[in-house]
J.: 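Please read through the structure below; I'll follow up with questions.
Indexing begins at 1, ligand by ligand and atom by atom, following the structure's order.
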Amino acid sequence: MNLPAELVSLLRACQRAAALTGAGVSQESGVPTFRDSQSGLWAQYRPEDLATPEAFRRHPKLVWDWYAMRRARADSVAPNPGHYALVAMARQIADFTLITQNVDGLHARAGSPNVIELHGNIRRVKCFDCGKPAAEWHGDGQSVPTCAACGGLLRPDVVWFGERLPPEALEAAWAATRACQVFFSIGTSGLVQPAASLAHVAKEGGATVVEINLEPTPLTPWVDFFLRGKSGQILPALVTAVWG
Ligand code: BV8
Ligand code: ZN
């Protein structure tokens, strides 16, 4: 893979970097992206129509089951070489911050420390009414489990459309993005806000922006380097080219 020599030498000297990942980095692990057509039972639904508080209020069992299926799939797959390359990169760059939109927990399973999860984590469950986390729950398959503290319905601890991102995660992401010398946008279509604004914040802060994606996105015209291809192939090649 021919990687730009300028980027390789830039990364060798880099002290502060940030990376934002999207569903594309989990695609090679077997987790469908949002842009992929939903498979099977879910073919007739759009994620934007299920990942909302309104959808949960209207059809709690349908939404709960959709996440139960996605949680089971996340548990059944493994991190891919792209996840592991980001662990290696964090060991080489003094100040490296990994920010993800993904809720599958694969970065942590690959060994990335301190992942900033902008949109929560599908493995965590909390009460829709009182917000109390639920360490365990007993789904009988017929009804949505309820909160031990208040009897409210349990929900996945993810950020739905129309919901606020966790303020501390968003603040940490903005701070790392403003401070970095190199910003990676990896496997994301860059359509969902406010995550999609991070690359522009990095650019305004004078960082070099590197995009890794199978295809161009709305961000591509703005970036300094666009590495077209699979993140599971490009990231390991980049780590080898820069740090051996
Ligand atoms: C908020 C968790 C306000 C849940 C997610 C107009 C109308 C309505 C709303 C809005 C609007 N305009 C803006 C909004 C706000 C909305 C938004 O941005 N909507 C979009 C659709 C326009 N944003 C929100 O609602 C956010 N909250 O704004 O709150 C507020 C403020 C104060 C007080 C109260 C409220 C919340 C957004 C978070 C939503 N939750 N996920 C769940 O997972 O179920 S978003 C979810 O979708 C993901 O987390 C991710 O962020 C997004 C999918 O994006 P990607 O990760 O990029 O994945 P995608 O499939 O799109 O693309 C994959 C890419 O990978 C592709 O480019 C592909 O080419 C590439 N690829 C594929 N394979 C590979 C690859 N690349 C490399 N290698 C490969 N192998
Ligand atoms: Zn409760």
J.: Using a 4.0 Å heavy-atom cut-off, which part of Glu28 comes near ligand 1: side chain, backbone, both, or neither?
T.: side chain
J.: Spell out, as yes or no, whether a donor-acceptor pair under 3.5 Å connects the side chain of Gln181 to the backbone of Arg16.
T.: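 Judged by distance alone, yes, a pair lies under 3.5 Å.
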J.: Taking heavy atoms and a distance under 4.0 Å, where does Ile186 meet ligand 1: side chain, backbone, both or neither?
T.: neither
J.: Polar contacts were defined as any N/O atom of the residue lying under 3.5 Å from an N/O atom of the ligand; does this apply to Arg164 and ligand 1?
T.: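 No; every N/O pair is 3.5 Å or more apart.
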J.: Please work out whether any backbone atom (N, CA, C, O) or any side-chain heavy atom from C-beta onward of Gln101 is under 4.0 Å from ligand 1, and answer side chain, backbone, both or neither.
T.: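 Gln101 to ligand 1: contacts from backbone and side chain alike.
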J.: With a 3.5 Å cut-off and no angle check, do the side chains of Gln101 and Thr188 form a donor-acceptor pair?
T.: yes
J.: For Glu163, give me all partners under salt bridge (charged side-chain N to carboxylate O under 4.0 Å, His left out), at least two apart in sequence or on another chain.
T.: Arg155
J.: Please determine if Trp66 has a nitrogen or oxygen closer than 3.5 Å to a nitrogen or oxygen of ligand 1.
T.: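 There is no such contact.
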J.: Regarding atom 40 (N) of ligand 1: of the candidates Val158, Val159, Val25, which has the closest heavy atom?
T.: Val159
J.: Can you confirm, on distance only, whether ligand 1 has an N/O atom lying under 3.5 Å from any N/O atom belonging to Phe161?
T.: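 No; the residue has no nitrogen or oxygen that sits under 3.5 Å from a nitrogen or oxygen of the ligand.
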J.: Geometry only, no angles: is Lys230 polar-contacting ligand 1 at N/O separations under 3.5 Å?
T.: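 Between Lys230 and ligand 1, no N or O pair is found under 3.5 Å apart.
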J.: State whether the shortest distance between N or O atoms of Gly187 and N or O atoms of ligand 1 falls below 3.5 angstrom.
T.: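 The answer is yes, given that Gly187 and ligand 1 share an N or O pair closer than 3.5 Å.
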J.: Could you check whether any side-chain N or O of Asp157 sits under 3.5 Å from a backbone N or O of Lys126, counting only pairs where one atom can act as donor and the other as acceptor?
T.: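 No.
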J.: Indicate yes or no: does an N/O atom of Thr188 lie under 3.5 Å from an N/O atom of ligand 1?
T.: yes
J.: Under 3.5 Å, N or O to N or O, is Pro194 touching ligand 1 that way?
T.: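 No - when backbone and side-chain N and O of Pro194 are compared with those of ligand 1, no distance drops under 3.5 Å.
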J.: Ligand 1 versus Glu163, non-hydrogen atoms closer than 4.0 Å: side chain, backbone, both, neither?
T.: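 For Glu163, the contact with ligand 1 is made by the backbone alone.
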J.: For Ser185, which residues count as a side chain to side chain donor-acceptor pair (under 3.5 Å) partner, sequence neighbours excluded?
T.: none
J.: For ligand 1, note which part of Thr33 has a heavy atom under 4.0 Å away: side chain, backbone, both or neither.
T.: both
